Amino acid sequence: MEEFKLYINGEWTSTGEQSDVLDKYSGDTYASVHQASEKEVDQAVKAADEAFREGPLPPYERFKVLKRVSELMQERKEDLAQTITKEAGKPLKQARTEIDRATQTVELSAEEAKRITGEGVPVEAAPGSENRMAFTIRVPVGVVGAISPFNFPLNLVCHKIAPAIAAGNAVVLKPASKTPVTALKLASLFQDAGLPKGFFNVVVGSGSTVGNQMMEDERIALYTFTGSAEVGLKLKQNTGMNKLILELGNNSPVIIDKHADIEKAAENTAAKSFAFAGQVCISVQRLYVHEEIREEFQKKFIEAIRTLKVGDPNDPETDVGPMIGEDEAKGAVEWIEEAKENGAKVLHGGKREGALLEPTVLTDVDDSMKVVCEEIFAPVVSILPFSDIKKGVKEVNKSKYGLQGGIFTQDVDTAFYAAKNVQVGGFMVNDSSQYRVDLMPYGGVKGSGWGKEGPKYTIEDMTEERLVVMNLNNPS
């Protein structure tokens with residue numbers, strides 16, 4: 001069994017307490033990770049603060065480090081993928097895809113490190129300011145506190161760490177307690193790439209200890225968090241005037257219009273509803289299907305689901321593996337049973353074995369049921385009929401969330417109406433809500449948070465715009 005220490009100020013740090021990390025499919029312990037106390041969290045924040053204040057990194061140095069990390073990530077791709085499969089239960093082929101995406105995220109951040117610019121401001125056009133010139137510069141915020149989730153233990157960490165480094169900040173990361181090993185291996189890549197000590201620190205522990213202490217530390221200038229709306233709200237309420245980037249809950253809607261390519265829509269949504277057992281913030285959860293094509297769509301949707309291979313995530317052919325834990329799978333089944341008690345029907349699936357929950361499709365649901373109005377974060381999809389696009393969009397917008405959504409239609413007017421009126425941060429036409437590439441702006445509205453991921457856009461949030469005005473003696 002491997003033992004992993006914390007990474008603080010460029011050193012691997014032991015503590016007095018360790019916690020086991022489980023293989024999410026077998027349930028066996030495969031690693032032990034040291035846990036941070038108040039002492040280690042303080043050391044990590046102090047190291048980041050001192051690194052930022054005493055040894056600023058020039059943009060080209062940031063570029064070189066990040067570019068090297070992206071190269072090392074590919075060199076160690078199989079080890080990282082195996083780690084993700086073990087600690088997250090993510091099917092191996094999806095874990096490999098995550099490595100490729102994370103490589104892109106870091107490489108994009110490296111490129112953006114050389115493109116951080118301000119703009120000229122024509123203050124001389126104001127009466128009395130004829131002898132002045134002005135421009136803006138972008139400066140790093142300082143120490144970034146990053147809190148990442150379990151579902152993308154590498155790529156979502158990279159979406160926080162790489163832009164922060166590219167912008168010239170120092171970082172303290174608290175990875176998810178159930179998937180800390182990937183983040184610690186990422187720290188070793190930064191170490192091998194030559195990142196100066198203190199600029200990246202990893203502390204592992206519970207949200208109630210490590211997370212709360214980070215939240216209360218005034219040396220942290222910006223918090224970037226991906227997780228539940230409840231924790232996001234707590235961060236907002238307890239971090240004062242600090243900057244926040246929040247990627248929170250969602251229950252993604254996809255509209256299947258009567259003019260859709262039904263087979264394409266069924267195949268796409270089947271794959272995107274159940275990848276990583278539905279534990280993706282933009283997994284399809286609500287399918288709004290036009291009543292004229294409902295029967296045909298449901299038939300093709302179930303046919304597509306039956307082609308998915310469910311089981312051992314270590315099998316390269318597996319599409320749907322276990323959920324992050326048996327308790328989470330039990331919780332999803334409880335929501336399914338509650339919906340059934342209120343009239344819902346199970347069209348497919350619904351059976352659980354340990355942490356493995358079959359891809360499940362529900363019909364005869366309404367928006368008062370948790371499986372519809374809350375984020376289930378499980379391989380569960382609800383089908384709701386609609387008769388008119390305007391009424392359908394109105395039903396979609398009843399959700400308190402708004403991260404991403406989509407529509408399948410061959411009618412351009414319907415597509416534009418939905419794109420303009422569905423209340424989400426990103427909207428996909430003839431694709432599911434789960435479409436994402438790492439260079440695009442990614443973020444939600446309403447209860448799904450605010451701020452954007454995507455290196456270029458995150459760097460804007462992780463820097464401050466500063467105005468410089470020059471009073472010239474001889475403007476000519």
Side-chain angles (χ1 to χ4, degrees), residues 1-4 19-33 72-105 148-158 175-189 204 270-281 283 304-333 349-360 377-380 434:
M1 181 174 68
E2 288 188 87
E3 177 182 324
F4 292 87
S19 180
D20 292 337
V21 180
L22 303 181
D23 181 309
K24 300 306 185 293
Y25 182 68
S26 69
D28 298 332
T29 299
Y30 94 95
S32 177
V33 176
L72 290 171
M73 205 173 285
Q74 283 297 303
E75 291 174 16
R76 303 177 194 178
K77 177 177 178 177
E78 196 58 26
D79 176 65
L80 289 167
Q82 295 281 352
T83 300
I84 291 172
T85 295
K86 283 187 174 68
E87 70 173 355
K90 179 171 288 188
L92 184 58
K93 64 181 178 181
Q94 295 170 20
R96 289 170 175 156
T97 298
E98 181 174 348
I99 310 303
D100 291 338
R101 286 187 58 192
T103 301
Q104 277 282 300
T105 300
S148 60
F150 73 82
N151 58 336
F152 286 86
L154 184 65
N155 194 33
L156 289 189
V157 169
C158 288
S177 296
K178 292 185 177 181
T179 56
V181 176
T182 305
L184 290 165
K185 288 191 174 184
L186 176 64
S188 71
L189 301 188
V204 179
K272 302 304 183 181
S273 299
F274 306 112
F276 192 35
Q279 298 169 123
V280 181
C281 296
S283 289
I305 292 171
R306 287 176 177 151
T307 67
L308 301 175
K309 185 171 183 178
V310 181
D312 184 353
N314 297 288
D315 183 342
E317 300 302 317
T318 295
D319 299 293
V320 183
M323 292 181 62
I324 194 65
E326 186 171 2
D327 287 345
E328 286 79 3
K330 287 179 178 178
V333 171
K351 297 178 182 178
R352 179 187 67 84
E353 183 178 343
L356 200 65
L357 176 61
E358 288 182 326
T360 301
F377 222 58
V380 180
Q434 205 193 88

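Atoms considered below: every heavy atom in the structure, side chains included; atoms not considered: hydrogens, waters and symmetry mates. Keep in mind the model is a prediction, meaning the values are calculated, not measured.
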Does a sphere of radius 6.0 Å around CD in Glu353 hold more than 12 heavy atoms from other residues, nucleotides or ligands, not counting ones at 6.0 Å or beyond?
no
Phe152/Thr179 under side chain to side chain contact (heavy atoms under 4.5 Å, CB included): CA gap, chis, key distance, verdict
CA-CA 9 Å; Phe152 286 86; Thr179 56; over 6 Å; no
Keeping Gln434 on the side-chain end and Val280 on the backbone end, is there a donor-acceptor pair under 3.5 Å?
no
When rounded to the nearest 0.5 angstrom, what is the spacing between [atom1] in [X] and [atom2] in [Y]?
| X | Y | atom1 | atom2 | answer |
| --- | --- | --- | --- | --- |
| Leu156 | Arg101 | CG | CZ | 7.5 Å |
| Thr318 | Lys93 | OG1 | NZ | 7.5 Å |
| Asn314 | Gln82 | CG | CD | 6.5 Å |
| Leu72 | Leu189 | CG | CG | 5.5 Å |
| Glu87 | Leu22 | CD | CG | 10.5 Å |
| Ile84 | Phe276 | CD1 | CZ | 9.0 Å |

Is there side-chain contact between Lys86 and Val181, with at least one heavy-atom pair below 4.5 Å?
no
Taking the side chain as every heavy atom from C-beta outward, state whether Val333 and Lys351 have any pair of such atoms under 4.5 Å apart.
no
Would you call Lys178 and Glu328 a salt bridge, using N to O less than 4.0 angstrom?
yes
Residues at least two apart in sequence or cross-chain that pass side chain to side chain donor-acceptor pair (under 3.5 Å) with Glu317, listed by chain then number, are none
Testing the basics here: between [X] and [Y], what is the closest heavy-atom pair and its distance to 0.1 Å?
| X | Y | answer |
| --- | --- | --- |
| Val157 | Ser148 | CG2-OG, 3.4 Å |
| Pro175 | Val204 | CG-CG2, 4.1 Å |
| Arg352 | Leu357 | CB-CD1, 4.1 Å |
| Leu308 | Phe274 | CD1-CD1, 4.0 Å |
| Leu356 | Pro322 | CD1-N, 3.4 Å |
| Asn151 | Cys281 | ND2-N, 4.0 Å |

For a side chain to side chain contact (heavy atoms under 4.5 Å, CB included) check, start with the C-alpha distance between Val310 and Glu358, then their side-chain angles and the critical distance, and finish with the verdict.
CA-CA 7 Å; Val310 181; Glu358 288 182 326; 5.7 Å; no
Has Lys90 got its NZ or CZ under 6.0 Å from the middle of the six-membered ring of Phe150, at an angle within 45 degrees of the ring axis?
no
If you apply the rule side chain to side chain contact (heavy atoms under 4.5 Å, CB included), what do you find for Met323 with Lys24, and how did you get there?
CA-CA 8 Å; Met323 292 181 62; Lys24 300 306 185 293; over 6 Å; no
May I have the step-by-step check of side chain to side chain contact (heavy atoms under 4.5 Å, CB included) for Leu154 and Met73, ending in yes or no?
CA-CA 10 Å; Leu154 184 65; Met73 205 173 285; 4.0 Å; yes
Under a plain distance cut-off of 3.5 Å, with no hydrogens placed, do Gln94 and Glu98 share a side-chain donor-acceptor pair?
no
